2 protein chains.
Amino acid sequence: MLQTTIEMEKAAVILKLLGDKTRLTMMKLIDKQACCVCEFVEIFQFSQPSISQHLRKLKDLGLVNEERKGQWIFYSVNKSNEYYSFMKPILDQLPDQNYKLKELEEQGTRISCC
Amino acid sequence: MLQTTIEMEKAAVILKLLGDKTRLTMMKLIDKQACCVCEFVEIFQFSQPSISQHLRKLKDLGLVNEERKGQWIFYSVNKSNEYYSFMKPILDQLPDQNYKLKELEEQGTRISCC
DNA sequence: AGCTTATATAAGCAAATATTTATATAGTTA
DNA sequence: TAACTATATAAATATTTGCTTATATAAGCT
């Protein structure tokens with residue numbers, strides 16, 4: 001079975017993006033289901049612009065999809081991106097992060113959007 | 001088949017280290033055979049301290065082994081490190097970098113050590 | 001021992017990155 | 001249309017990173 005390869009330059013850029021705990025957790029979360037910005041703000045306890053800028057970087061590489069639903073914008077992993085197969089084994093080895101969403105629900109902090 | 005997981009914190013740290021093109025290329029090279037510092041200096045055209053500092057970071061996480069042979073120190077991927085299985089699928093998807101060593105040989109720039 | 005070669009460490013600096021506050025845009029609702 | 005909510009963008013700033021030069025350490029050679 002011939003292993004598909006990725007350009008070194010591109011691989012490094014993607015790994016650098018994933019090498020930030022916030023973005024890595026985001027990607028693991030939205031690999032399973034779409035999340036909106038306000039959820040991330042709650043989960044990570046960073047300012048909204050900070051969250052938006054992380055998402056922007058992921059979007060600039062095409063790693064995520066955004067879908068507007070009314071005033072909310074939902075982000076999810078773009079599984080048809082050419083580099084998804086490169087990232088998949090990484091994401092698969094990460095522990096499930098959905099408990100973070102569950103926590104929000106329990107706190108009742110999970111906002112109107114979801 | 002249960003997928004082994006890695007702590008998020010640790011995963012992010014490792015990905016950040018691999019998210020540098022120099023270190024990523026180093027790791028791909030020494031996944032196959034040990035290389036010494038002087039080779040890296042030739043390959044990457046950075047100062048020797050710069051190379052040593054990259055290697056130091058990899059060593060601090062236990063990702064590489066160092067073996068002294070006389071005045072040279074050879075570095076190789078530490079395959080018995082607990083996180084090697086996390087990195088392996090990444091390294092496997094990278095294009096082979098051994099042509100860089102071949103180039104050194106052809107130039108005759110490949111130093112005494114090897 | 002003294003010189004040379006290979007590597008590591010320390011210190012300084014420049015570039016890149018991530019955060020914040022302030023402001024703009026876009027959609028929703030009264 | 002005016003007020004409100006969600007998100008994006010811009011600008012300022014703090015932190016981190018990676019490089020360089022200078023210096024230290026360690027091994028080999030004469």
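Numbered from 1 within each chain, the chains take letters A, B, ... in sequence-line order. Note that this is a predicted model, so its numbers are computed, not measured.
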(request) Among the candidates dC19(D), dT7(C), dT17(D), find the nucleotide nearest to the side-chain atoms of Lys16(B). (result) dT17(D)
(request) Please check the phosphate of dA6(C) (OP1 and OP2 only) for any side-chain N or O of Tyr75(B) closer than 4.0 Å. (result) no
(request) Tell me which of Leu55(B) and Gln71(A) sits closer to the 5' end of DNA chain C, going by the nucleotide each one is nearest to. (result) Leu55(B)
(request) Kindly point out which of dA6(D), dA8(C), dA6(C) is positioned nearest to the side chain of Trp72(A)? (result) dA6(D)
(request) Assign Glu66(A) to base, sugar-phosphate, or nothing according to its heavy-atom contacts below 4.0 angstrom with the strands shown. (result) sugar-phosphate
(request) To the nearest 0.5 angstrom, please state how far the CE atom of Met27(B) sits from the CG atom of Leu63(B). (result) 5.0 Å
(request) Identify the two heavy atoms, one from Leu94(A) and one from Ala11(B), that lie closest to each other, and give their separation to 0.1 Å. (result) CD2-CB, 3.5 Å
(message) Between C1' on dT20(C) and CD on Gln45(A), what's the gap in Å once rounded to a whole number?
(response) 15 Å
(request) Find out whether Asn81(B) and Phe86(B) are in side-chain contact, i.e. whether some heavy atom of one side chain is under 4.5 Å from a heavy atom of the other. (result) no
(message) Check this one for me: any side-chain N or O of Ser47(A) less than 4.0 Å away from OP1 or OP2 of dT20(C)?
(response) yes
(message) Taking only side-chain N and O atoms of Arg56(A), does any of them lie within less than 4.0 angstrom of OP1 or OP2 on dT9(D)?
(response) yes
(request) Measure the distance from NZ on Lys69(A) to P on dT5(D) and round it to the nearest whole Å. (result) 22 Å
(request) Take the protein atom CZ of Phe46(A) and the nucleotide atom P of dA6(D), then report the distance between them rounded to whole Å. (result) 21 Å
(request) Figure out the CG/C1' separation between Leu17(A) and dT17(C), and round it to whole Å. (result) 11 Å
(message) Ignoring hydrogens and geometry beyond distance, is the side chain of Gln48(B) in donor-acceptor contact with the base of dA6(C) at under 3.5 Å?
(response) no
(request) Quickly work out the Phe40(B) CZ to dG18(D) C1' distance and round it to whole Å. (result) 17 Å
(request) Give the rounded distance in Å between these two atoms: CD1 of Ile73(B) and C1' of dA8(C). (result) 8 Å
(message) If you assign Arg68(A) and Gln53(A) each to the DNA chain D nucleotide with the nearest heavy atom, which residue ends up on the more 5' nucleotide?
(response) Arg68(A)
(message) Side-chain N or O of Arg23(B) versus OP1/OP2 of dG18(D): is the shortest distance under 4.0 Å?
(response) yes
(request) Could you tell me whether the side chain of Tyr84(B) reaches within less than 4.5 Å of the side chain of Asp31(B), counting heavy atoms only? (result) yes
(message) For a quick test of reading the model: is some side-chain N or O of His54(B) closer than 4.0 Å to OP1 or OP2 of dC19(D)?
(response) yes
(message) Could you tell me how far apart Glu67(A) (CD) and dT7(D) (P) are, to the nearest whole angstrom?
(response) 13 Å
(message) Measure NZ/Lys21(A) against C1'/dA18(C) and give the value in whole Å, please.
(response) 16 Å
(request) Side chain of Pro49(A) only, please: which of dT7(C), dT7(D), dA10(D) is the nearest? (result) dA10(D)
(request) Kindly determine whether Asp96(A) and Lys28(A) satisfy salt bridge (Lys or Arg N to Asp or Glu O under 4.0 Å), including the steps that lead there. (result) CA-CA 7 Å; Asp96(A) 190 276; Lys28(A) 178 67 181 183; 5.7 Å; no
(message) Please confirm whether the shortest side-chain N or O distance from Lys57(B) to OP1 or OP2 of dG18(D) is below 4.0 Å.
(response) yes
(message) For the residue pair Asn78(B) / Tyr83(B), report whether a side-chain donor-acceptor contact shorter than 3.5 Å exists.
(response) no
(message) Mind checking if Lys59(A) touches a base, just sugar-phosphate, or nothing, with heavy atoms under 4.0 Å?
(response) nothing
